[in-house]
Amino acid sequence: MEFLPLFLNIRERHCVIIGGGEVAWRKANLLLKANARLTIVAPQFSSEIIGLAKDSLCNCIESEFSPEHIDDASLVIAATDSEKTNSFVANIANDKNIPVNVVDKPALCSFIMPAIVDRSPVVVAISSSGRSPVLTRKIKELNEIFIPGREGQLAELLGSYRAQVREKFSEFSDRLRFWEMLLETELSELVYSGRMDDATKLIENFLEQSAGTAAQGEVYLVGAGPGDPDLLTLRALRLMHKADVILYDRLVSQEVMDKLRPDAEKIHVGKARAKHSVEQETINEMLVRLAQEGKRVLRLKGGDPFIFGRGGEEIESLAKANIPFQIVPGITAASGCASYAGIPLTHRDHAQSVRFLTGHLQAGVLELDWENLVREHETLVFYMGLLGITTICTKLIEHGMDPEMPIAVVQQGTTKTQQVVSADLESMPALIEQAGLKAPTIIIIGRVVSLRETLNWYEP
Ligand SMILES: C[S@@+](CC[C@H](N)C(=O)[O-])C[C@H]1O[C@@H](n2cnc3c(N)ncnc32)[C@H](O)[C@@H]1O
């Protein structure tokens with residue numbers, strides 16, 4: 001982050017704007033909204049600024065800028081059309097350690113002004129760190145559409161009950177739970193439609209009914225997809241923000257982890273091949289214990305929890321212990337990697353079925369029904385198959401598969417480090433040794449792989 005976003009209290013603080021034109025007037029209105037004590041300095045002023053002074057909203061000093069104008073200022077904005085004056089103002093303010101903004105010149109600023117969506121007291125500030133004001137405006141427009149006009153009233157209403165809620169629930173986690181459950185009721189809709197009395201009644205009732213109720217724990221088994229955070233489902237994202245504790249796998253990408261609630265407890269239980277950091281049995285027990293403590297537990301797994309994810313076992317122990325749970329599917333590695341490599345897993349002309357298999361070697365051996373796997377119009381996808389790739393290629397050829405059958409190995413599919421190596425069955429083992437691929441990788445075998453030549457679109 002180049003700039004730290006902050007909300008500054010400038011109520012009754014002396015703020016100075018240098019410049020007397022339209023830009024200065026716009027900045028003046030913004031500072032006045034935040035109740036600044038405002039001085040505007042310029043040799044001449046627009047009629048709008050004169051209007052502000054007449055209404056006693058600001059003090060105007062008709063003069064060229066001189067350093068003593070900002071002696072006791074808490075904040076300075078340079079908004080003249082002279083570059084020389086603007087950088088002079090910035091230098092003086094920086095010397096005096098006063099935060100300074102020079103309009104449209106991020107390099108001279110110690111702070112920059114964000115685009116604002118104002119639903120006071122709810123305020124959304126948006127910045128592209130000075131890179132693209134047009135992009136910032138677009139994001140502002142989206143927020144203007146999606147944040148209801150009465151969001152501020154909702155915040156005021158909730159704020160007016162904070163003391164009461166604190167009194168009723170001494171534990172922070174109970175208070176958090178109360179607010180979250182309240183916001184899942186129709187409260188927001190009542191406020192958005194202007195029914196403030198009904199909204200108030202709802203809070204009163206909710207407060208009365210919730211008093212003393214012990215928190216009920218729950219587990220969310222969520223598929224995090226293959227890596228690209230844009231592939232998370234909406235439900236996954238919602239639950240990721242709700243959970244108190246998160247048990248996550250090695251396969252969950254950092255970009256996905258960045259989307260979790262920052263204050264949630266995060267426990268790494270991930271399994272690297274041959275390095276089982278936490279045994280499956282222990283994970284099952286942890287899920288049960290944490291939920292019994294009343295926590296909302298997110299079990300976050302790479303890809304889809306029910307595809308080579310042992311999600312079934314985890315859910316079985318929850319069901320046995322009568323713990324409520326939800327299961328959220330994720331995009332499995334086969335789908336994600338195939339799409340991002342431009343390989344359709346089925347195709348009218350080339351493959352009428354697809355099989356997901358594990359290529360994991362048990363004591364150096366891969367026991368599969370090889371004969372059954374040799375089909376002309378079927379795609380095979382091997383998870384966990386990199387170490388066994390020579391065995392896979394050799395066995396398939398031995399059992400009658402065309403040695404020229406196309407095969408692709410996708411490393412870290414859908415991420416910025418995706419790499420695809422494609423060849424045919426016969427040449428792949430030698431090629432893969434030179435390629436030095438890193439886990440996780442997935443193997444796709446079948447005529448569909450040749451379509452990649454025309455369908456490849458993703459450039460990491
Ligand atoms: C234990 S399995 C978990 C699969 C996961 N539940 C899913 O639905 O994708 C782990 C294997 O998934 C595959 N895998 C997962 N994410 C991948 C990715 N981004 N790129 C390539 N392969 C991936 C690899 O074969 C890896 O060894």
Side-chain angles (χ1 to χ4, degrees), residues 220-233 235-236 247-259 268-280 283-284 298-315 327-343 345 354-362 366 368 379-393 407-422 428 432 435-445 449 452 456 458 460:
Y220 316 129
L221 178 66
V222 174
D228 183 347
D230 282 1
L231 297 179
L232 284 165
T233 61
R235 186 136 154 248
L247 272 63
Y248 66 98
D249 270 4
R250 175 188 58 98
L251 274 179
V252 178
S253 71
Q254 187 53 48
E255 286 88 346
V256 169
M257 291 298 294
D258 290 344
K259 300 217 174 282
H268 180 239
V269 292
K271 306 184 200 98
R273 183 169 26 83
K275 252 200 274 172
H276 286 237
S277 8
V278 181
E279 290 300 333
Q280 188 61 51
I283 298 175
N284 300 352
L298 179 78
R299 175 68 176 111
L300 193 59
K301 285 176 164 283
D304 180 277
F306 278 1
I307 296 185
F308 302 123
R310 304 192 71 173
E313 293 159 58
E314 293 175 10
I315 290 302
I327 304 164
V328 184
I331 293 186
T332 189
S335 301
C337 297
S339 295
Y340 277 54
I343 302 171
L345 291 178
V354 54
R355 276 205 231 197
F356 294 172
L357 302 130
T358 166
H360 183 58
L361 299 172
Q362 304 273 14
L366 187 54
L368 288 172
T379 307
L380 302 178
V381 182
F382 283 91
Y383 288 69
M384 300 166 275
L386 191 61
L387 277 188
I389 193 160
T390 305
T391 311
I392 293 170
C393 294
I407 168 170
V409 180
V410 185
Q411 163 194 282
Q412 298 168 355
T414 80
T415 71
K416 291 185 189 115
T417 45
Q418 171 172 305
Q419 265 194 59
V420 182
V421 178
S422 50
M428 183 55 96
I432 213 73
L437 295 185
K438 291 194 193 86
T441 57
I442 205 156
I443 303 167
I444 308 174
I445 301 172
V449 172
R452 174 174 153 75
N456 180 26
Y458 179 60

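Note that these values count all heavy atoms, side chains included, but never hydrogens, waters or copies made by symmetry. Computed from a predicted structure; not experimentally measured. All ligand and atom numbering here is 1-based and tracks the order in the structure.
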**Request:** Would you sort out whether Tyr220 and Arg299 count as a side chain to side chain contact (heavy atoms under 4.5 Å, CB included), showing the intermediate values?
**Result:** CA-CA 6 Å; Tyr220 316 129; Arg299 175 68 176 111; over 6 Å; no
**Complete:** When distances are taken from atom 10 (C) of ligand 1, the protein heavy atom at minimum range is Leu251 CD1, 3.5 Å
**Request:** Looking only at protein heavy atoms, identify the closest one to atom 5 (C) of ligand 1 and say how far it is in Å.
**Result:** Gly302 O, 3.3 Å
**Prompt:** Looking at Ile442, which atoms of ligand 1 are within less than 4.0 Å of one of its heavy atoms?
**Reply:** 21 (C), 22 (N)
**Message:** Tell me the protein heavy atom at minimum distance from atom 26 (C) of ligand 1, and give that distance in Å.
**Reply:** Pro440 CB, 3.9 Å
**Message:** Rounded at 0.5 Å granularity, tell me how far CD1 in Ile307 sits from CD1 in Ile331.
**Reply:** 11.0 Å
**N or O contact, Ile307 vs ligand 1, cut-off under 3.5 Å** = yes
**Request:** Applying side chain to side chain contact (heavy atoms under 4.5 Å, CB included), run through Leu386 and Ile432 and close with a yes or a no.
**Result:** CA-CA 9 Å; Leu386 191 61; Ile432 213 73; 4.0 Å; yes
**Prompt:** Hey, mind stepping through Ile392 and Ile407 against side chain to side chain contact (heavy atoms under 4.5 Å, CB included) and telling me if it holds?
**Reply:** CA-CA 11 Å; Ile392 293 170; Ile407 168 170; 5.8 Å; no
**Request:** Report yes if some N/O of Tyr383 lies less than 3.5 Å from some N/O of ligand 1; otherwise report no.
**Result:** no
**Fill in**
In ligand 1, the atoms that come under 4.0 Å of a heavy atom of Val410 are 21 (C)
**Prompt:** Heavy-atom distance to atom 11 (C) of ligand 1: which of Gln419, Gln418, Met384 wins?
**Reply:** Met384
**Item:** Heavy-atom side-chain proximity of Ile389 to Phe382 below 4.5 angstrom
**Value:** no
**Request:** Report yes if some N/O of Pro305 lies less than 3.5 Å from some N/O of ligand 1; otherwise report no.
**Result:** no
**Asked** With a 4.5 Å limit on heavy-atom distance, are the side chains of Asp258 and Pro229 in contact?
**Response** no
**Message:** Please determine whether any non-hydrogen atom of Gln412 lies less than 4.0 Å from an atom of ligand 1.
**Reply:** yes
**Request:** Go through the steps to decide whether Leu345 and Ile444 satisfy the test side chain to side chain contact (heavy atoms under 4.5 Å, CB included), and finish with yes or no.
**Result:** CA-CA 8 Å; Leu345 291 178; Ile444 308 174; 4.2 Å; yes
**Prompt:** What atoms in ligand 1 come closer than 4.0 Å to a heavy atom of Ala333?
**Reply:** 7 (C), 8 (O), 9 (O), 13 (C), 14 (N), 15 (C), 16 (N), 17 (C), 23 (C)
**Message:** Just to confirm my output: which protein heavy-atom neighbour is closest to atom 19 (N) of ligand 1, and how far is it?
**Reply:** Pro226 O, 2.8 Å
**Asked** Which ligand 1 atoms does Cys337 reach within 4.0 Å, using its non-hydrogen atoms?
**Response** 18 (C), 20 (N), 21 (C)
**Identified side chain to side chain contact (heavy atoms under 4.5 Å, CB included) partner of Val222 from the options Leu300, Asp304, Leu232** = Leu300
**Asked** Between NZ of Lys301 and OG1 of Thr332, what distance do you get to the nearest 0.5 Å?
**Response** 12.0 Å
**Request:** Would you mind checking which non-hydrogen protein atom is closest to atom 22 (N) of ligand 1, with the distance to 0.1 Å?
**Result:** Thr441 C, 3.5 Å
**Prompt:** Would you call Asp228 and Tyr340 a side-chain contact if the rule is heavy atoms closer than 4.5 Å?
**Reply:** yes
**Prompt:** Taking only heavy atoms of Thr332, which atoms of ligand 1 are found under 4.0 Å from at least one of them?
**Reply:** 7 (C), 8 (O), 9 (O)
**Request:** Starting from atom 3 (C) of ligand 1, find the nearest protein heavy-atom neighbour and note its residue, name and distance.
**Result:** Phe308 O, 3.3 Å
**Asked** Roughly how far, to the nearest 0.5 Å, is CE of Met384 from CD1 of Ile443?
**Response** 11.0 Å
**Asked** Can you tell me the protein heavy atom closest to atom 20 (N) of ligand 1 and the distance?
**Response** Gly413 N, 2.8 Å
